[in-house]
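To start, the structure itself, in structure tokens.
For ligands, and for the atoms within them, numbers begin at 1 and follow the listed sequence. All values below come from the heavy atoms of this structure, side chains included, with hydrogens, waters and symmetry mates left out. Everything quoted here is computed from the prediction, not taken from an experiment.
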Amino acid sequence: MKKSKNRTSLAVFPGSFDPITNGHVDIIARGLSVFDQVKIAILLNPDKRPLFTVEERVEIIGETYRGDPRVSVDTFSGLLVDYAEKAGAAVIVRGLRAISDFEFEFQMALMNRRLNPRIETVFMMPAEQYSYLSSRLVKEVVQLGGRVRGLVPPVVERRLREKYGSGRPDPSPRRHRRGRS
Ligand code: PNS
């Protein structure tokens, strides 16, 4: 892909982000190795009942990327390609974790290309340690009292605990030093 010298290259990274995980964070970092800026675009979807409101998701992502001017967050409704074009992005970035993602992603990419051939979809693979990770699994694990440290940004871990209560106690509590309380 030809990279213009004078223009900032912008990629849109669309999704539900309910909530953002370290898999998303990994894809954003990879996106930033190719594009100057990444705009995270949260779909406003009235058909879904998310755990985090759109406002909460914007806040969480804002906190995760505070101090990094290369990453911004926005919401959109309607066609993704229309949003991307209005935002001034020529590229949509999507993460591909496994073969199971492929069919849906392939359909979306080709439909988006048909709708607007000026917008290119670029797939990026996350690090192997995130290849099984999903927002849905993260929510389920926390709801059932499991830990997700290292799988989500710290702000997400905290917000999940606030939503679901503290869950099971941490299985690796700090060791008490003998003779001291
Ligand atoms: O995180 P998700 O839920 O996998 O993200 C899906 C998303 C938001 C990328 C997809 O649902 C989308 O682009 N919706 C916008 C509607 C649209 O443009 N549809 C036609 C193209 S397939």
Side-chain angles (χ1 to χ4, degrees), residues 1 9-32 34-35 37-65 70-143 148 151-153 155-157 159-160 163:
M1 197 175 307
S9 59
L10 171 69
V12 165
F13 184 36
S16 306
F17 302 103
D18 185 38
I20 188 168
T21 69
N22 282 351
H24 295 124
V25 170
D26 181 280
I27 295 295
I28 292 160
R30 287 172 201 281
L32 287 171
V34 179
F35 306 104
Q37 295 186 352
V38 171
K39 192 181 273 290
I40 301 173
I42 305 173
L43 175 67
L44 300 170
N45 188 349
D47 300 334
K48 273 197 183 173
R49 291 189 57 231
L51 175 66
F52 292 101
T53 65
V54 163
E55 293 75 20
E56 286 173 322
R57 282 176 274 162
V58 168
E59 217 175 275
I60 289 170
I61 292 171
E63 198 169 316
T64 304
Y65 286 100
R70 298 169 305 165
V71 182
S72 56
V73 58
D74 196 6
T75 60
F76 78 102
S77 54
L79 288 177
L80 172 60
V81 286
D82 291 349
Y83 172 80
E85 185 140 287
K86 269 197 208 116
V91 170
I92 293 167
V93 167
R94 289 287 285 171
L96 258 194
R97 290 165 300 188
I99 297 170
S100 52
D101 280 343
F102 180 76
E103 196 175 342
F104 176 59
E105 294 297 335
F106 186 69
Q107 287 173 345
M108 275 207 306
L110 292 185
M111 180 58 83
N112 283 332
R113 181 190 284 167
R114 185 192 165 92
L115 291 167
N116 186 339
R118 293 178 298 280
I119 310 279
E120 201 64 59
T121 300
V122 169
F123 292 111
M124 293 188 144
M125 272 80 69
E128 295 93 289
Q129 74 253 36
Y130 303 128
S131 57
Y132 64 92
L133 193 56
S134 71
S135 300
R136 188 184 60 77
L137 270 188
V138 159
K139 285 182 280 193
E140 188 174 314
V141 167
V142 176
Q143 187 177 19
V148 290
L151 299 179
V152 293
V155 54
V156 173
E157 206 188 332
R159 295 287 194 114
L160 281 167
K163 286 272 181 197

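- Where the criterion is an N or O separation shorter than 3.5 Å, residue side chain and backbone included, L80 meets it with respect to ligand 1.
- Relative to atom 8 (C) of ligand 1, the option among D82, L43, L110, V81 with the closest non-hydrogen atom is L43.
- You'll find the side chain of E85 reaches within 4.5 Å of the side chain of I119, heavy atoms only.
- Looking only at side-chain heavy atoms (C-beta outward), Y65 and I20 come within less than 4.5 Å of each other.
- Looking from atom 16 (C) of ligand 1 to the surrounding protein, the closest heavy atom is G78 O, 3.5 Å.
- For atom 20 (C) of ligand 1, the nearest non-hydrogen atom of the protein is L79 CD2, 3.8 Å.
- F17 has its side chain out of reach of V58: every pair of non-hydrogen atoms, C-beta onward, lies at least 4.5 Å apart.
- Here the shortest heavy-atom distance to atom 3 (O) of ligand 1, taken over S16, G95, A109, belongs to S16.
- Within ligand 1, counting atoms from 1 as listed, the ones closer than 4.0 Å to a heavy atom of K48 are 3 (O).
- Judged by the shortest distance from any of its heavy atoms, A41 lies outside the 4.0 Å radius around the atoms of ligand 1.
- Among L51, T21, V152, V156, the single residue meeting the side chain to side chain contact (heavy atoms under 4.5 Å, CB included) criterion with S135 is T21.
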Problem set entry | Residue pair F76, L44: steps toward the side chain to side chain contact (heavy atoms under 4.5 Å, CB included) verdict | CA-CA 6 Å; F76 78 102; L44 300 170; over 6 Å; no

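- For the pair V122/V34, no side-chain contact is recorded, criterion being any heavy-atom separation below 4.5 Å from C-beta on.
- Contact between R94 and ligand 1 is present, with at least one heavy atom of the residue lying under 4.0 Å from the ligand.
- Contact annotation for N45 and ligand 1: no heavy atom of the residue comes within less than 4.0 Å of the ligand.
- The pair K86-D82 fails the salt-bridge criterion, with no side-chain N (NZ, NE, NH1 or NH2) lying under 4.0 Å from an Asp/Glu carboxylate O.
- Remark: distances from the non-hydrogen atoms of R136 to ligand 1 are all 4.0 Å or more.
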